[in-house]
Amino acid sequence: MSPRWNRVMIKLSGEAFAGGNEAGLHLPTIAFVADEIAQVHALGAEVCAVVGGGNFVRGAEFAEAGMDRVTADYMGMLGTIINAMALREALEKRGIHTRVQSALGMSSVAEPFIRLRAIRHLEKKRAVVFAGGTGNPYFSTDTAAALRATEVGCDVLLMGKNRTDGVYDRDPNRHADAIRFDRLTHEETFNRQLGVMDRTALTVSMENRLPIIVFDIATPGNMARIVAGDESVGTLIGG
C-alpha cells in the first residue's frame, strides 16, 4: 500500500517530549513518538520533523519575566537541538537512519541546514529532524515547520497535539458544546483565529498551499493512519 502523502513534515512540541512533566525529557514518551514515526516510515513515506524546545525554555515566557527576548529565544533554540538529538537516537534504535540539521551552528552534534542536502537525505529514505527553529529570534517553531516543509517540498504538515483530536470552534476542554471541524480552508482558519498555529506559520502554509492536518499524537497509530489516507483522523486544513 502506497502512502497518500509521500513526503511528510511532522511538527512536535517540546512540551510533548516532557511526557506530562513540567520540563525535561521523558524517555518513554520519546520512544512512543519514535514508534509512531517508524510506522509512517514503514509505509514508504519520506519523513522529516521540526521539534520545539518548550520543555526547556519558552522564549516569550522568559521575556515576560524580564529576560532579553532575543537571548531567551536563542536559549529556546538550544532546547530544540537537545530534543532533536534525543529523537534521532530513538529513531536510529529503530533502524531508521536519521540526520539532525540545525539552523544554528552546532557542527559537533548536527549538520547545518542545507536545503539540497536535506532533500537528498529524504530521497535516500533517511529521516531528517530540523532543529534550531528558523535560526532567528521572534519566530516560532511552528513557523519553522511551515517554512522547512515548503523548502523541502513536503506534501503535508502534520501538527501533533496532545490529546486534542482536531480543530474546534472553541476550547473543547472548557466548552462541552465545542464543535469539531473535519475540514477547513487556510483562510477560514486564519479569519476565525482558531489557534491552530501562530499566524506567521499559517500564512506561510496558506501562501504555499501546504495542507495541514491537526491530530491527537497521543493516540497510537494516528500518524500512520493519516499518511495511509484515513480522512477520519484529525482536521484537514487546505488540501
Counting C-beta onward and ignoring hydrogens, is there a side-chain heavy-atom pair between [X] and [Y] closer than 4.5 Å?
{"X": "Asn83", "Y": "Leu25", "answer": "yes"}
{"X": "Leu147", "Y": "Phe139", "answer": "no"}
{"X": "Asp169", "Y": "Arg192", "answer": "yes"}
{"X": "Leu158", "Y": "Val40", "answer": "no"}
{"X": "Arg94", "Y": "His41", "answer": "no"}
{"X": "Thr143", "Y": "Asp198", "answer": "yes"}
{"X": "Leu104", "Y": "Tyr74", "answer": "yes"}
{"X": "Leu27", "Y": "Ile30", "answer": "yes"}

Nearest 0.5 angstrom please: [X] [atom1] to [Y] [atom2], how far?
{"X": "Thr80", "Y": "Met77", "atom1": "OG1", "atom2": "CE", "value": "8.0 Å"}
{"X": "Lys124", "Y": "Arg99", "atom1": "NZ", "atom2": "CZ", "value": "8.5 Å"}
{"X": "Arg115", "Y": "Thr150", "atom1": "CZ", "atom2": "OG1", "value": "10.5 Å"}
{"X": "Glu46", "Y": "Lys125", "atom1": "CD", "atom2": "NZ", "value": "4.0 Å"}
{"X": "Gln39", "Y": "Asp35", "atom1": "CD", "atom2": "CG", "value": "7.0 Å"}
{"X": "Arg120", "Y": "Leu122", "atom1": "CZ", "atom2": "CG", "value": "11.0 Å"}

Which pair of heavy atoms, one from [X] and one from [Y], lies closest together, and at what distance?
{"X": "Gly238", "Y": "Pro211", "value": "C-CB, 4.4 Å"}
{"X": "Arg148", "Y": "Gly133", "value": "NH2-O, 3.7 Å"}
{"X": "Leu157", "Y": "Ala145", "value": "CD1-CB, 4.0 Å"}
{"X": "Ala103", "Y": "Gly132", "value": "CB-O, 3.7 Å"}
{"X": "Trp5", "Y": "Val8", "value": "O-CG2, 3.7 Å"}
{"X": "Thr29", "Y": "Ala16", "value": "CG2-O, 3.0 Å"}

Got a donor-acceptor contact below 3.5 angstrom from the [X] side chain to the [Y] backbone?
{"X": "His186", "Y": "Ile212", "value": "no"}
{"X": "Lys161", "Y": "Val196", "value": "yes"}
{"X": "Asp73", "Y": "Tyr138", "value": "yes"}
{"X": "Arg7", "Y": "Val152", "value": "yes"}
{"X": "Arg88", "Y": "Val129", "value": "no"}
{"X": "Asn55", "Y": "Ala18", "value": "no"}
{"X": "Thr235", "Y": "Phe181", "value": "yes"}

Determine, using the 4.5 Å side-chain heavy-atom cutoff (strictly less than), whether [X] and [Y] are members of one ILVMFWY cluster.
{"X": "Ile217", "Y": "Met159", "answer": "no"}
{"X": "Leu194", "Y": "Val204", "answer": "no"}
{"X": "Leu202", "Y": "Val167", "answer": "yes"}
{"X": "Val233", "Y": "Leu184", "answer": "no"}
{"X": "Leu12", "Y": "Val100", "answer": "yes"}

Other residues, nucleotides, ligands: >12 heavy atoms within 6.0 Å of [X] [atom1]:
{"X": "Lys93", "atom1": "NZ", "value": "no"}
{"X": "Glu22", "atom1": "CD", "value": "no"}
{"X": "His97", "atom1": "NE2", "value": "no"}

Partner of Val227 under side chain to side chain contact (heavy atoms under 4.5 Å, CB included), chosen from Val156, Asp155, Ile213, Leu43: Leu43

Single hit among Ile37, Ile10, Thr98 for side chain to side chain contact (heavy atoms under 4.5 Å, CB included) with Leu87: Ile37

Carboxylate-amine/guanidinium proximity below 4.0 Å for Glu231 and Arg4: yes

Residues that Gln101 engages under side chain to side chain contact (heavy atoms under 4.5 Å, CB included), provided they are two or more places apart: Glu111, Phe113, Arg117, Ala118, His121, Val128, Phe130

